Amino acid sequence: MRKVVLVTGASSGVGLALCKRLLTEDDELHLCLACRNVGKAEAVRSDLLASHPTAEVTIVQVDVSNVQSVFRASRELKQRFQRLDCVYLNAGIMPNPQLNIRAFFSGLFSRKVIHMFSTAEGLLTQKDTVTADGLQEVFETNVFGHFILFRELEPLLCHSEHSSQLIWTSSRSANKSNFSLEDFQHRKGQEPYSSSKYATDLLSVALNRNFNQRGLYSSVVCPGTMLTNLTYGILPPFVWTLLIPIIWLLRFFTHAFTLTPYNGTEALVWLLHQKPESLNPLTKYMSATTGFGKNYVMTQKMDLDVDTAEKFYQSLLELEKQIRTTVQKSDNWG
């Protein structure tokens with residue numbers, strides 16, 4: 001029986017590179033592309049099947065920033081599949097990143113330069129918006145939409161006869177100082193991306209605590225620092241021309257600079273081949289690349305505590321109840 005793997009955000013970036021690598025390693029997979037844009041997903045599916053004709057590649061449309069879309073996609077998936085072996089919760093946004101120029105140049109000529117480039121800590125702020133569901137967009141896209149997707153897909157993931165995996169795309173920029181239980185949507189702050197990734201780490205720990213006994217295991221991954229359309233838009237082109245040689249040099253001192261989405265998928269692919277029950281729920285698995293271009297996986301103990309993780313999980317359950325009540329009153333509820 002084919003292993004069934006679902007990937008959100010599969011039409012570009014890390015998600016697309018992940019799909020290509022997964023099929024290169026095992027073209028007997030049933031790979032389900034969960035994407036917002038069906039046109040892009042169809043093009044990706046065609047390319048994947050051209051390279052791997054024996055694979056099975058399907059598409060489900062889902063926008064994780066919209067709970068109605070998540071509910072519809074979940075119903076469709078439950079009609080198609082009896083089980084899911086692995087779900088990569090990868091889709092995410094960091095809207096309108098703004099560079100803190102003072103922090104950038106201050107860090108550039110300090111001993112913290114490597115840490116600054118590796119984590120972007122204190123460098124980037126974002127302007128968040130509110131979705132049609134009344135939630136902060138970064139929080140709903142990166143965390144809550146995926147949480148609802150998981151909750152809906154529990155029957156496909158929790159089976160006594162075999163284990164299943166959730167693999168979240170987190171970040172080295174997940175910073176405890178940017179997260180607050182009292183404001184877990186980060187309505188009042190300026191670093192919603194960092195807050196959302198720390199929330200992801202907390203949620204993963206809580207899910208392990210509550211679902212390991214049912215055969216479900218959750219892990220978080222950092223794909224490293226990559227040069228993508230998102231990062232290229234943060235600075236003017238001439239600045240990147242000056243910085244890229246420095247970044248290549250820094251790879252010999254810190255291996256966080258994976259630079260490409262392909263390299264960034266190293267830890268995501270590695271996790272699929274592990275026995276999930278052997279993994280440490282308090283560890284973040286990080287893609288790394290040496291100065292000479294060799295990919296490998298690093299580990300890092302997450303800076304969090306189990307009690308906070310459980311409180312956050314309970315807060316999400318309460319928010320879920322509110323959202324479900326609202327959705328059930330609408331005409332679109334199926």
Side-chain angles (χ1 to χ4, degrees), residues 8-9 64-65 89-100 103 107 112 115-116 118-131 133-151 166-210 218-225 230 256 280-286 299-320 322-323:
T8 69
V64 288
S65 68
L89 301 165
N90 167 74
I93 58 169
M94 183 171 67
N96 306 311
Q98 302 292 317
L99 181 68
N100 184 330
K112 295 182 179 179
H115 177 76
M116 179 185 73
S118 300
T119 65
E121 187 175 322
L123 282 184
L124 299 177
T125 60
Q126 304 95 45
K127 292 181 180 178
D128 206 354
T129 58
V130 177
T131 68
D133 297 316
L135 304 175
Q136 295 301 118
E137 184 181 25
V138 175
F139 165 77
E140 182 167 13
T141 305
N142 296 0
V143 185
F144 190 68
H146 282 126
F147 175 69
I148 294 295
L149 183 65
F150 156 71
R151 292 280 290 161
L166 293 179
I167 300 176
W168 301 77
T169 300
S170 182
S171 173
R172 285 173 172 82
S173 71
N175 197 317
K176 186 175 184 178
S177 64
N178 291 323
F179 179 84
S180 167
L181 276 176
E182 290 70 37
D183 182 27
F184 57 78
Q185 290 194 49
H186 206 73
R187 295 182 186 276
K188 302 175 183 178
Q190 291 187 304
E191 297 192 47
Y193 182 81
S194 173
S195 174
S196 73
K197 294 305 180 181
Y198 190 80
T200 293
D201 296 352
L202 288 170
L203 180 54
S204 180
V205 169
L207 292 178
N208 280 312
R209 185 178 184 183
N210 287 276
S218 180
S219 301
V220 289
V221 167
C222 173
T225 303
L230 174 65
N280 188 332
L282 295 174
T283 292
K284 180 175 292 184
Y285 298 90
M286 303 185 293
T299 60
Q300 181 183 78
K301 189 177 186 302
M302 290 187 282
D303 181 22
L304 52 78
D305 65 86
V306 174
D307 287 343
T308 302
E310 184 63 26
K311 289 177 182 177
F312 176 57
Y313 174 62
Q314 295 300 323
S315 297
L316 289 184
L317 291 176
E318 287 299 316
L319 180 59
E320 179 193 357
Q322 298 171 24
I323 291 294

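Please read all numbers here as calculations on a predicted model, not as lab measurements.
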Residue set satisfying side chain to side chain donor-acceptor pair (under 3.5 Å) with Glu140, at least two apart, ordered chain then number -> Thr131

Spacing of CE belonging to Met302 relative to OG belonging to Ser204, to within rounding of 0.5 Å: 5.5 Å

For Thr200, give me all partners under side chain to side chain donor-acceptor pair (under 3.5 Å), at least two apart in sequence or on another chain. none

Would you please name every residue forming a salt bridge (Lys or Arg N to Asp or Glu O under 4.0 Å) with Arg151, sequence neighbours left out? Glu154, Glu320

Just jot down the salt bridge (Lys or Arg N to Asp or Glu O under 4.0 Å) partners of Glu182, sequence neighbours excluded, or say none. none

My understanding is that only residues two or more places apart in sequence, or in another chain, count here; which of them pass side chain to side chain donor-acceptor pair (under 3.5 Å) with Thr308? Asp305

Between atom CG of Leu319 and atom CZ of Phe144, what is the distance when rounded to the nearest 0.5 Å? 4.0 Å

Under the side chain to side chain contact (heavy atoms under 4.5 Å, CB included) test, residues paired with Ala174 that sit two or more places apart: Ser170, Lys197, Tyr198, Asp201, Lys284

Nearest non-hydrogen partners of Asp183 and Gly189, listed with the distance: OD2-N, 4.3 Å

Only counting residues at least two apart or in another chain, list the ones meeting side chain to side chain contact (heavy atoms under 4.5 Å, CB included) with Glu310. Ala206, Arg209, Asn210, Tyr313, Gln314

Expected output: side-chain Ser195 to main-chain Glu191 donor-acceptor under 3.5 Å: no

Do any N or O atoms from the side chain of Asn175 and from the backbone of Ser194 form a donor-acceptor pair under 3.5 angstrom? no

So do Gln136 and Val130 actually touch side chain to side chain, heavy atoms under 4.5 Å? yes

Non-hydrogen atoms of Cys222 and Arg172 that approach each other most closely: SG-NH1, 3.0 Å

Shortest non-hydrogen contact from Pro281 toward Asn208: CB-ND2, 3.4 Å

Donor-acceptor pair, Asn90 side chain versus Thr169 backbone, under 3.5 Å? no

By ring pair (Phe, Tyr, Trp, His ring centres under 6.0 Å) - contacts of Phe184 (at least two apart): Phe139, Phe312

Criterion side-chain contact (heavy atoms from CB on, under 4.5 Å) against Leu89, the qualifying member of Ile167, Val64, Leu149, Val143: Leu149

Between Ser171 and Tyr193, is there a side-chain heavy-atom distance shorter than 4.5 Å? yes

Applying side chain to side chain donor-acceptor pair (under 3.5 Å) to Thr8 and not counting sequence neighbours gives His146

Partners meeting side chain to side chain contact (heavy atoms under 4.5 Å, CB included) with Ser65 (sequence neighbours left out): Asp63, Thr141

Asn280 meets the side chain to side chain contact (heavy atoms under 4.5 Å, CB included) criterion, sequence neighbours left out, with Leu282, Thr283, Tyr285

Considering only heavy atoms from C-beta outward, does the side chain of Leu207 approach that of Phe150 to under 4.5 Å? yes

Under 3.5 Å, side chain of Asn142 to main-chain N/O of Ile93, donor-acceptor pair present? yes

Once rounded to the nearest 0.5 Å, what's the spacing between atom CD1 of Ile148 and atom CG of Asp133? 9.5 Å

